Colleague: 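Below is the structure I would like to discuss, written out as structure tokens.
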Amino acid sequence: MGDLRVRPSHARNVSSDHESDMRNESALIALLLSNVDYLREQAGLTGTKKGCNEGACGACTVLIDNKRMNSCLMFLAQCEGAKVTTIEGIAGADGALHPVQQAFIEHDAFQCGYCTPGQVVSAVACIDEGHASDEASVREWMSGNLCRCSAYPQITAAVLDAAKRQGKRG
Amino acid sequence: MNNFAFAIASGPEDAAAALAQPGTMIVAGGTELLNWMRLGIVAPERIVDIGRMREHGQIRQDGERLTIGALATLNEVGEHPVARERASVLAEACLKAASAQVRHRATLGGNVLQKTRCAYFRSEAPLPWGCNKRQPGSGCAARDGLNDRHAIFGWTDASKVTRASVLADTEDPLSSKRSETCRVNVGPSVGPGLGLGF
């Protein structure tokens, strides 16, 4: 759960009866939604949060083919054929927490929790990109994820720790 | 947002043909267009996705020339080893923009085409103040308003806004020579016929 593959069938649905036409229309309209709206309103994946809705806060961060992106700045239609990973897909299939999630808990890296799904998804990618080598690089490369509760020191520590555990710290 | 049709361009000719129809706009990364639509700056009837043409996002060195396709993302340019070494001002400027998430989508061509970041311009319609860019003749709220980060030179009574591209920062305004050791040729490689200006 949490890994979507947007297939061409979301875009085209050939049928002649009325009920299918209605499904066609909502499937077609869904393509015009932003990713974040589709995920939350249609796919039932409400882990991804909508913060600023303009690409500044990072609360809506998801992975598109393993690259982190703001889901508020993409139409669903632009993801055709891509693998979309949300926060729901970060933990293992057996429910085992990802090292980033474990580190966030151990380092108390959230207060209200609203930015946290975006922080975690972004951190997973940040580490994979090789940008979690030291505190300065984490602060710079995680700067697209805002936290109004100011848990930045704890978030930074968690990301560094998770990178170290994964052997991805420079 | 109003309803719109969405199409994916198969190539530059396809995109150019689609753009010939009125009310059509292109989208590559989407980091600008979606905001324009939400704020009421534009309301296209049809959007053509040109972001799949990855061959137009290549970064290539031929001798002393670095050619960067218009669809190269800011992260791709900023982290490209040749760009970092031989066109470091450009690479650094790219990595200073926005955030990692935006930079994975935002293209160099789109960056040049971005609209100004003036807060009065970037407000949701209907605007409670004058903005000559949004409504010609309505006035410029930035002129006598909060304009610390607006233009120092070159402003007129009509507008005080600046151009926001990373490339604007890399041009040396005092000299006609490039400050890099190799000449950077940044081309909108999808061709001149697409009406990329706004």
Side-chain angles (χ1 to χ4, degrees), chain A residues 8 10-12 25 28-37 50 52-82 118-119 121-123 125-132 137-146, chain B residues 1-10 25-41 43-54 57 71 73-76 78-79 92 95-107 110-111 114-115 117 119 122-124:
Chain A
H10 281 125
R12 288 178 281 286
E25 191 171 327
L28 288 171
I29 287 172
L31 289 174
L32 307 185
L33 291 173
S34 64
N35 267 6
V36 66
D37 283 339
K50 184 189 282 192
C52 68
N53 207 25
E54 58 176 32
C57 77
C60 66
T61 305
V62 297
L63 303 180
I64 311 285
D65 288 332
N66 300 323
K67 277 199 185 147
R68 48 178 165 160
M69 292 171 188
N70 292 321
S71 55
C72 68
L73 288 184
M74 291 179 74
F75 296 116
L76 178 66
Q78 292 180 279
C79 297
E80 189 175 351
Q119 298 278 2
V121 173
S122 188
C126 179
I127 293 168
D128 282 345
E129 289 164 12
H131 289 132
S137 67
V138 169
R139 282 190 175 269
E140 173 60 32
W141 284 90
M142 290 292 294
S143 60
N145 291 87
L146 305 182
Chain B
M1 280 198 250
N2 58 305
N3 251 353
F4 53 90
F6 189 92
I8 296 171
S10 55
M25 293 183 75
I26 52 175
V27 66
T31 54
E32 271 284 83
L33 182 67
L34 275 81
N35 285 334
W36 294 344
M37 291 170 72
R38 288 193 186 112
L39 295 173
I41 294 171
E45 290 159 24
R46 193 153 157 245
I47 294 173
V48 176
D49 186 352
I50 62 168
R52 313 299 174 99
M53 301 187 282
R54 293 314 304 152
L71 290 178
T73 66
L74 296 185
N75 258 353
E76 283 169 351
E79 303 216 281
E92 282 183 35
L95 291 187
K96 284 196 184 301
S99 67
Q101 289 94 316
V102 171
R103 291 194 299 268
H104 276 310
R105 294 286 308 167
T107 62
N111 184 265
Q114 78 180 281
K115 294 187 186 290
R117 297 282 155 185
R122 289 263 177 177
S123 292
E124 199 174 326

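These numbers were taken from a predicted model, which means no experiment stands behind them. In what follows, chains are A, B, ... by sequence order, proteins preceding strands, each numbered from 1.
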Colleague: Contact between A/S71 and B/Q101 at the side-chain level, heavy atoms closer than 4.5 Å - yes or no?
Modeller: no
Colleague: In terms of heavy-atom pairs under 4.5 Å, which option from A/E140, A/H131, A/M69 contacts chain B the most?
Modeller: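 Winner by heavy-atom pair count: A/M69.
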Colleague: Chain A heavy atoms under 4.5 Å from B/E79: which part of the residue, side chain, backbone, both or neither?
Modeller: side chain
Colleague: Could you tell me how the ring of B/F4 sits relative to the ring of A/F75: parallel (under 30°), tilted (30 to 60°) or perpendicular (over 60°)?
Modeller: tilted
Colleague: Can you list the steps and then say if A/L76 with B/F6 is a side-chain contact (heavy atoms from CB on, under 4.5 Å)?
Modeller: CA-CA 11 Å; A/L76 178 66; B/F6 189 92; over 6 Å; no
Colleague: Examine whether an atom of B/L39 lies under 4.5 Å from a heavy atom of chain A, and if so say whether it belongs to the side chain, the backbone or both; otherwise answer neither.
Modeller: neither
Colleague: Name the region of A/C72, side chain, backbone, both or neither, that has any atom closer than 4.5 Å to a heavy atom of chain B.
Modeller: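 When you check distances to chain B, atoms from both the backbone and side chain of A/C72 fall under 4.5 Å.
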Colleague: If you define the side chain from C-beta out and look only at heavy atoms, does anything of B/R105 sit under 4.5 Å from A/K67?
Modeller: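 Heavy-atom side-chain distance check fails, nothing below 4.5 Å.
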Colleague: Using heavy-atom distances under 4.5 Å, tell me whether B/A28 contacts chain A through its side chain, its backbone, both, or neither.
Modeller: backbone
Colleague: side-chain contact (heavy atoms from CB on, under 4.5 Å) for A/M142 and B/S99? Distances and angles first, verdict last.
Modeller: CA-CA 8 Å; A/M142 290 292 294; B/S99 67; over 6 Å; no
Colleague: Measuring from atom CZ of B/R38 to atom CG of A/L73, what distance do you get when rounded to the nearest 0.5 angstrom?
Modeller: 6.5 Å
Colleague: Return yes if some donor-acceptor pair links the side-chain N/O of B/N35 with the main-chain N/O of A/E54 below 3.5 Å, else return no.
Modeller: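 Indeed, once roles are kept as given, a pair shorter than 3.5 Å links the two residues.
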Colleague: To the nearest 0.5 Å, what is the distance between CG on A/N53 and CG on B/L34?
Modeller: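 Atom-to-atom, A/N53:CG and B/L34:CG are 9.0 Å apart.
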Colleague: Can you name the nearest heavy-atom pair linking A/A77 to B/I8, along with the distance?
Modeller: O-CD1, 4.5 Å
Colleague: Can you tell me how far apart CG (B/N75) and CD (A/E129) are? Round to the nearest 0.5 Å.
Modeller: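 If I round to the nearest 0.5 Å, the distance is 6.5 Å.
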Colleague: Name the option with the most non-hydrogen atom pairs under 4.5 Å to chain A; the candidates are B/G51, B/A5, B/A100.
Modeller: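 Top count of heavy-atom pairs under 4.5 Å with chain A: B/A100.
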